[in-house]
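Encoded as structure tokens, the structure appears first; notes follow it.
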Amino acid sequence: MKISDCIDAGTEYCPCSLAETGECIMCSQLQGKVFCDCTNWKGVCIYQEYIWNHSQRKENRQVYRCRISAKEAVSPAVTVFTIQVKRTLARELKEPGAYVFLRIPDYPTFFDLPMSIMSADERAGVIKIAVQERGVKTKYLLQREAGRREEQQREEVLLRGPYWNGILGLKYLKSFQKGKALVVVRGIGQAPALPVAKKLLQGGNEVEVLLDRGRIAVDFTGDLFRKMGCRVLEKQLLKREDLTITEETLAYLQDSLLNKGVGLIYGGGSDLLHQGLSRLIQEVERGAFFVCSNNAQLCCGEGICGSCQTRLADGSRVKRCKTQLAALNIYEGR
Amino acid sequence: MARVVIIGGGWAGCAAAITARKAGAEVVVLEKTDLLLGLGNVGGIMRNNGRFTAAEEIIALGAGELLAITDQVTRHKNINFPGHKHAFLYDVTKVEPLVRKKLAEMQVMVELETRAINVQKEGSWLKSIVLANGSAVEGDVFIETTGSTGPMGNCLRYGNGCSMCILRCPSYGPRVSISQRAGVEDLLGQRGDESYGAYSGSCKLAKNSLSKEIVEKLDREGVVIVPVPTEDVNVKKLAYKVCQQYALKEFAENIILLDTGYAKLMTSYYPLAKLREIPGFEFARYDDPYSGGKGNSIRYLSMAPRNNALKVEGLSNLLCAGEKAGLFVGHTEAIATGSLAGHNSVRLYLGMPLLELPRALALGDLIAFANEKIKTPEGLKNRYTFSGGQYFKQMIAQGLYTTDVETVKLRVERIGLTNIFAEKFL
Ligand SMILES: Cc1cc2nc3c(=O)[nH]c(=O)nc-3n(C[C@H](O)[C@H](O)[C@H](O)COP(=O)(O)OP(=O)(O)OC[C@H]3O[C@@H](n4cnc5c(N)ncnc54)[C@H](O)[C@@H]3O)c2cc1C
Ligand code: FES
């Protein structure tokens, strides 16, 4: 069944601008209808929250000016930022799937860059984020644009958040307990998988990590996974030629699902990796859950700009920055 | 074996469960709250005016189980209050466990705290009901008896907000219209001023918050009538009420209390501070809805179009009953329509013609009458009940109203339907 919840429903940011424009993801009354059709109840009546808030959205997320306390280049391609934030924000970012928008001060908002949280320490009030140099925005964030000298490095960053929809299938991840889970990660996808593994371990699960260095050619999380209590296997996940899953890995995954009782797979990599994983899970038909990173092109994170919009197999369109879907819904029929 | 899935465990759903079971089906009832009976946990008035005839018809047709229970826990028999004669008041604090026990004895499967949110269908056939937890309940025939109350958004848009009624949406989640989910658009009831929905017509005060004199009189006579201070009389509120049988001037000018275990106050809502100015009410407080000083639940925003055998139009295997099936008010009306829908579910499974009750019976006449009316703009502003308003007038005019039990039995016998609801097909 298709689940489509709004990640922000019932939070302090709900109702949002989408309610003001009749585009609410959850509430029929706030989609221009004149009656309730509340299939995805989250424990609060969004229409009621809206009316009680004088028919206005709640306050938007804030932008914080934060200090970067460390930058560690773990490879030529990847730098891990340590950023100081308020403790409350660090606590809100501890969830798997949490992300923020980052931008160097004085740059306009279209430099905003969505970045997943690798770890958050609410006591120290710090978060860590791994940044891979890719396009225009990451280069500016890493301050590698032409003409910038080392001594001009800014030690501050603008941070907008918290956001939570960095993972699809969160409800499976949060409810999976006392089972066996596989965390399959490649490249920069290693970073946001750390909170995922942590959540799975908290649920009393056995967690095995299949780790592929991928394009960034560095394993910067293996030790961290091991320290938490995961088993880590380095594996080549995708073939070089066409980026589909290698036969060896497929056989391993199949065996895990069929014979080792793996009940949940998390995919943290490219769409091609996720497609391969979702197809396999459906073929094996053992009812295993599929959870994966949300690879949509996020831009505003607020359901406003439309850059993340995706068409599903049933023809409906979803804004993936706010809509919490089962991962299989995204990859079915592709 | 036929598997009948009933969505909503109010009076209509419970009645449907009983007749479907008697006809030989395996029956599951899905109910979102932790209580069966829905609004039946806060009502209590039976057998007033034409409801007496209707109750006896239900018994003669072979579905008397639930009436036996309400009669058993009746606190007052044959009481009169303005516009109403020979009412019975069942104790709303006693009735639900007895119904639950009855269903268990009859091996009806009852799933409480189980909220239906969607359907899976193939063409015009429902295959299963999807629950809030994501699982699906399969069946051969489905009966929707989710009522028409709330949920919170409707109570806010058309009323004064959630008043915390017995359905407790904030705790158990909102009602969902299953027929609408299956692609059949709901009909919306209206008020005199053409806005949608209508307020529930009564609230309950905690009896022991009232003066000793009032409580004693309630216990003794079942009814207490206290005039409303003239400056507070609000005749307009009557037009907003669901229960048009109680939309009489006497109800605006008087506080009418009935003893149903609570002191049932026959008005939609009444500001607490005003109420406490009346002698004997100085300590008054509401037990249902908890915010009865502010508002009441909004109803009639989700009726399914259906035929007189109670099959929903446009779908092959969905029946409906109770408030879902029209602008019906009342326990008796819910039990009557529920019993017919339950019986017809097994006929539908077997491919037999569905039973339509003839208009020579009050039950058949009400079902057909309400269906004619709902198709007209004026008709959408009315409610239909054996106990008053437009339909009771029609009942008298047609010579259907009687309090003679033998006459009812004879009528049912003459058209060959005695104990039809007790017939076993499977
Ligand atoms: C305050 C008040 C007083 C009343 N007093 C009287 C009276 O004295 N006498 C009288 O005859 N009538 C009275 N009525 C009217 C009468 O109670 C109703 O017309 C009748 O009981 C309706 O029965 P029903 O089964 O159609 O609906 P309901 O009683 O509304 O039952 C519907 C059931 O479905 C459940 N449900 C809804 N959605 C879902 C879902 N998605 N999944 C699972 N379950 C769901 C609900 O929880 C509920 O239990 C009163 C009504 C009110 C509100
Ligand atoms: S990122 Fe802008 S709408 Fe989703």
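Throughout, protein chains are lettered first and strands after them, A, B, ... in sequence-line order, and every chain is numbered starting at 1.
For A/Glu302 and A/Tyr163, the side-chain atoms include at least one donor-acceptor pair closer than 3.5 Å. Remark: the B/Asn160 side chain and the B/Tyr199 side chain contain an N/O donor-acceptor pair separated by less than 3.5 Å. Remark: the B/Glu378 side chain and the B/Thr376 side chain contain no N/O donor-acceptor pair separated by less than 3.5 Å. One side chain, B/Ser302 or B/Arg175, offers a donor N or O that lies under 3.5 Å from an acceptor on the other.
Using a 4.5 Å cut-off between heavy atoms, B/Cys169 contacts chain A through its backbone alone, with no side-chain atom that close. For chain B, the nearby parts of A/Val34 are the backbone and the side chain; heavy atoms of each come within less than 4.5 Å.
Contact tally against chain A (heavy-atom pairs below 4.5 Å) for B/Asp186, B/Asn154, B/Val176: the top residue is B/Asn154.
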